[in-house]
Amino acid sequence: MKTTARSEAVSNIANRCATENTVNFSDESPETIFGANTFSLTTMEKVLSPETFSSIKKTISEGVKLDESIADEVAEAMKNWAMAKGATHFTHVFYPLTGFTAEKHDSFYDPSPDGTAAISNFKGKTLIQGEPDASSFPNGGIRATHTARGYTAWDVTSPAYIVENPNGTTLNIPTSFVSWTGEALDKKTPVLKSMQALDKQARRILELFGHDKIANITASAGPEQEYFLIDKGLAYGRPDLLAAGRTVFGAAPPKGQEFDDHYFGVIPDRIMACMYDVDRELFKLGIPSKTRHNEVAPGQYEIAPVFESANVGSDHQQLIMTTLKKVADKHGLMCLMHEKPFAGLNGSGKHVNWSMGNSTQKNLMDPGDTPHENAQFLVFAGAVIRAVSIYAPLLRAVVASAGNDHRLGANEAPPAIISIFLGEQLSDVFDQIKGGGATNSKQRGVLNIGVDTLPDLPKDAGDRNRTSPFAFTGNRFEFRAVGSNQSISGPLVAMNTIVAESLDFIASQLEGADDLNAAIQKVLQEIMVKHGDIIFNGDGYSTEWHEEAAKRGLPNLKTTADSLPVLTSKEVVELFEKYDVLSQQELHSRQEVYSEQYCAHVNVEANLVTEMAKTMIYPAATRYLNELVSTAARMKQIGMAADLTTASALAGLVSDLEDTIVVLEKAHAAAGEDPQDWVKNVLPAMLKVRSVVDKLETVVADDLWPLPTYQELLFLR
Ligand code: ADP
Ligand code: MG
């Protein structure tokens, strides 16, 4: 076999030595390192005066406005803490509409007045406000490039933290990012605003139930992140993985996921070493990483932290993604967070577990053992049902992306049709309400396994449903349509705001009612009559459901191109403006940015398909054709009969390759700024090239094939 980048990568894996021990939890227990790199409340309590600490704590836990007069003291303490940990620089971290994390670093040091010494300097003003040049961040027409001013504002509710590098450390301060005219240019600002809206409306409901001590109500997020880890050497042999995060070509491997042998399988050593390292880094950042396991596809895994407030949870989710990529790289692996890196195998999602609650009334999504008697819970659950029913198109729009389009509705992820799974017990209670009133709750049973030495297990009140995009899972809702590569902020903003709107609606019906219980029954019954069709407990993957959903009139927005216009629809603009979460202009800007991003993504992929087909696949195919034809010619020369079946088939495929490339190039050149152009013309043309390339892969001599194969990418580690 001649040496190619591909064969070299394979041999490197074969000869790989185990990575050195870098993590040792007996020397460095999670308890001692957890949060060591965060300027958390515990740290602040130690380094701030009691008055300042109590003021900042009020802002964080009670949502009281930040008292700016304490900023200087906090800045000084934060700087000293960070410098003691080796920090030389700080950065206001923000989350632009690209979905990534942005940072611009400044040193703590200024020259002394006479210019002879460096003096560290970090004032309250610098902590509170930054001014990065905003012109190169997507703003969707909010400002012209020459009006570039943008501000970052310290988000005190999300702890500042230290990012380590072998050569130094930097203090990172989470911030909101807004334009000079005050419009949000980021993903964080609307999360904070939507949480405020939810708090305000949920409070009204709790007051109706007679609570007088009501702590700040927060939305919580527990995101489960799916991802692939593949060998970096192999990945570097694939321009598509490097530039697009997914394979645009690749024949199915001889063995795929058909044995169901990967899900929850024993985690391979090399992957485990990486996971320990990831957990250690996350612990240092105060991120409560909790669960890890193999996922369905070979090479696919999942990580989930314990849920946190939606705001901190989103910031931490961004950090989890960065940490996974960084640590994987250290272990010679590449972390793929694309929603569909490999055709024919499971893609990756991010299940966002969502609930709301506070320290006084606890989790408002907890039904207790007898939900039919728990009117307060029923009101909150009813609000979610109504919200999801009315704003289903919005929930589809906030999970729209070029990558996620490959996954939604592909028999592995929920369909693009938004529905709610409530489970047996709750569905039954809401059916009773619809019929006139709930009088009982189906009780959870006990499961006897039938082996005397094994204990009886208390059963959950309902089974799980993996096919539903929006499932009640016992004490929270799980939004399962979110893409693995997406920021969870958009989905959280949508959930918080639509539920706030429904709570507002219900509170307005209940406030002033003479008989609260009767009024609750009435409003919930109306909700069930009007919106009960959104509930579906069956198999969301089945064709019957697609037919049934169409009969029920549930929207089925199949692509990003179909869904993005929802962001500027009348109902959505009214919703977000009413609760002061996003203005019409901000929504327009978001829609424009996401459309641009969609086209840009498909554009890169189309470039890849054309370039790889022309410069890698075509040469390999024609070289092999030449070899076959030369062999046949020589066989004839010496009087042997030459069979040209393979050569003819190959020649046919080479010609198909040329033809399909021409068609793609034409469609590509004609595509404009409308995502529909790309969906309708470019993507199908890309798939035609792919189908020829994937056939070629099964014909062309393996030693001439330039791309690492699915078999290698998925099974070698
Ligand atoms: P699954 O069995 O669904 O894969 P995981 O254990 O992987 O569940 O993840 C469940 C996620 O839900 C975790 O992040 C967990 O902290 C989160 N979660 C649990 N309770 C709540 C709640 N009340 N609100 C929001 N998230 C929650
Ligand atoms: Mg999970």
Side-chain angles (χ1 to χ4, degrees), residues 38-39 59-61 63 65-66 90-104 127-132 134 137-140 142 149-161 163 171-199 216 218-223 285-287 305 307-322 350 352 354 398-399 482 485-497 500 567 576 579-583 585-587 589-590 593-594 597:
T38 60
F39 197 63
T59 301
I60 295 173
S61 40
K65 197 166 169 56
L66 175 71
F90 67 92
T91 174
H92 274 196
V93 179
F94 54 101
Y95 309 93
L97 299 184
T98 54
F100 299 118
T101 306
E103 47 189 47
K104 174 191 164 215
L127 167 63
I128 289 189
Q129 183 176 354
E131 197 209 326
F137 290 103
N139 64 73
I142 279 192
R149 231 179 252 280
Y151 295 112
T152 49
W154 176 34
D155 171 19
V156 53
T157 61
S158 183
Y161 55 94
V163 170
L171 169 66
N172 284 37
I173 303 158
T175 61
S176 275
F177 180 43
V178 294
S179 73
W180 189 69
T181 40
E183 278 99 3
L185 297 174
D186 71 343
K187 302 234 171 201
K188 179 191 270 287
T189 311
V191 170
L192 293 169
K193 288 184 164 184
S194 68
M195 288 176 75
Q196 231 166 263
L198 186 68
D199 169 49
N216 201 34
T218 36
S220 298
L285 292 167
I287 299 174
F307 67 97
E308 300 177 280
S309 99
N311 175 39
V312 176
S314 324
D315 287 2
H316 281 174
Q317 170 57 211
Q318 295 293 116
L319 272 171
I320 289 176
M321 294 202 279
T322 326
K350 185 140 56 192
V352 180
W354 175 93
V398 294
V399 299
V482 185
N485 223 351
Q486 293 181 307
S487 151
I488 60 169
S489 302
L492 289 170
V493 169
M495 285 188 276
N496 294 343
T497 314
L567 293 180
F576 284 119
Y579 297 96
D580 194 21
V581 174
L582 286 163
S583 68
Q585 203 183 5
E586 287 166 330
L587 284 159
S589 100
R590 266 150 226 259
V593 170
Y594 300 152
Q597 274 174 357

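No side-chain heavy atom of K350 sits under 4.5 Å from any side-chain heavy atom of P491. Counting heavy atoms from C-beta outward, Y161 and P174 have side chains that approach closer than 4.5 Å. Between D199 and M195, every side-chain heavy-atom pair lies at or beyond the 4.5 Å cut-off. Between W354 and N496 the shortest side-chain heavy-atom distance falls below 4.5 Å. Residues M495 and V352 meet the side-chain proximity criterion, which asks for heavy atoms closer than 4.5 Å. Contact annotation: the side chain of I320 approaches that of P305 to within less than 4.5 Å [non-hydrogen atoms, C-beta and beyond].
T101 meets the side chain to side chain donor-acceptor pair (under 3.5 Å) test with Q318; sequence neighbours excluded. With sequence neighbours excluded, the residues satisfying ring pair (Phe, Tyr, Trp, His ring centres under 6.0 Å) with F177 are F94, F137. Residues passing the ring pair (Phe, Tyr, Trp, His ring centres under 6.0 Å) test with Y95, sequence neighbours excluded: none. Scored by the side-chain contact (heavy atoms from CB on, under 4.5 Å) test, V156 finds I56, T59, I60, L66, W154 as partners (sequence neighbours excluded). Partners of T157 according to the side-chain contact (heavy atoms from CB on, under 4.5 Å) rule, which considers only residues two or more places apart in sequence or in another chain, are D155, L192, N311. Considering only residues two or more places apart in sequence or on other chains, S589 meets the side chain to side chain donor-acceptor pair (under 3.5 Å) condition with none of them.
Nearest heavy atom pair, residue D186 against residue S176, reads OD2-CA, 3.3 Å. Nearest heavy atoms, P190 versus R590: CG-NH1, 3.8 Å. Closest approach of A197 to Y579, counting heavy atoms only: CB-CB, 4.0 Å. For the residue pair E586 and L582, the shortest heavy atom distance occurs at OE1-CA, 3.2 Å. K188 and S158 get closest at one heavy-atom pair: NZ-CB, 3.8 Å. What you find for N216 and S61 is that their closest heavy atoms are CB-O, 3.5 Å.
Atom OG1 in T322 sits 9.0 Å away from atom CD in Q317 (nearest 0.5 Å). Taking CD from Q597 and OG1 from T98, the interatomic distance works out to 6.5 Å, rounded to the nearest 0.5 Å. Residue F100 holds its CZ atom at 10.0 Å from NZ of K187, rounded to the nearest 0.5 Å.
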Could you walk me through whether L127 and I173 satisfy the side-chain contact (heavy atoms from CB on, under 4.5 Å) test, starting with their C-alpha distance in whole Å, then the side-chain angles of each, then the deciding distance to 0.1 Å, before giving a yes or no? CA-CA 8 Å; L127 167 63; I173 303 158; 4.0 Å; yes
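V93 pairs with exactly one of T152, L319, N172, D315 by the side-chain contact (heavy atoms from CB on, under 4.5 Å) rule, that one being N172.
Under the 3.5 Å distance criterion, with hydrogens and angles disregarded, a donor-acceptor pair is assigned to the side chains of E183 and T181. At a cut-off of 3.5 Å, with distance as the only test, no side-chain donor of H92 or T175 sits close to an acceptor on the other residue.
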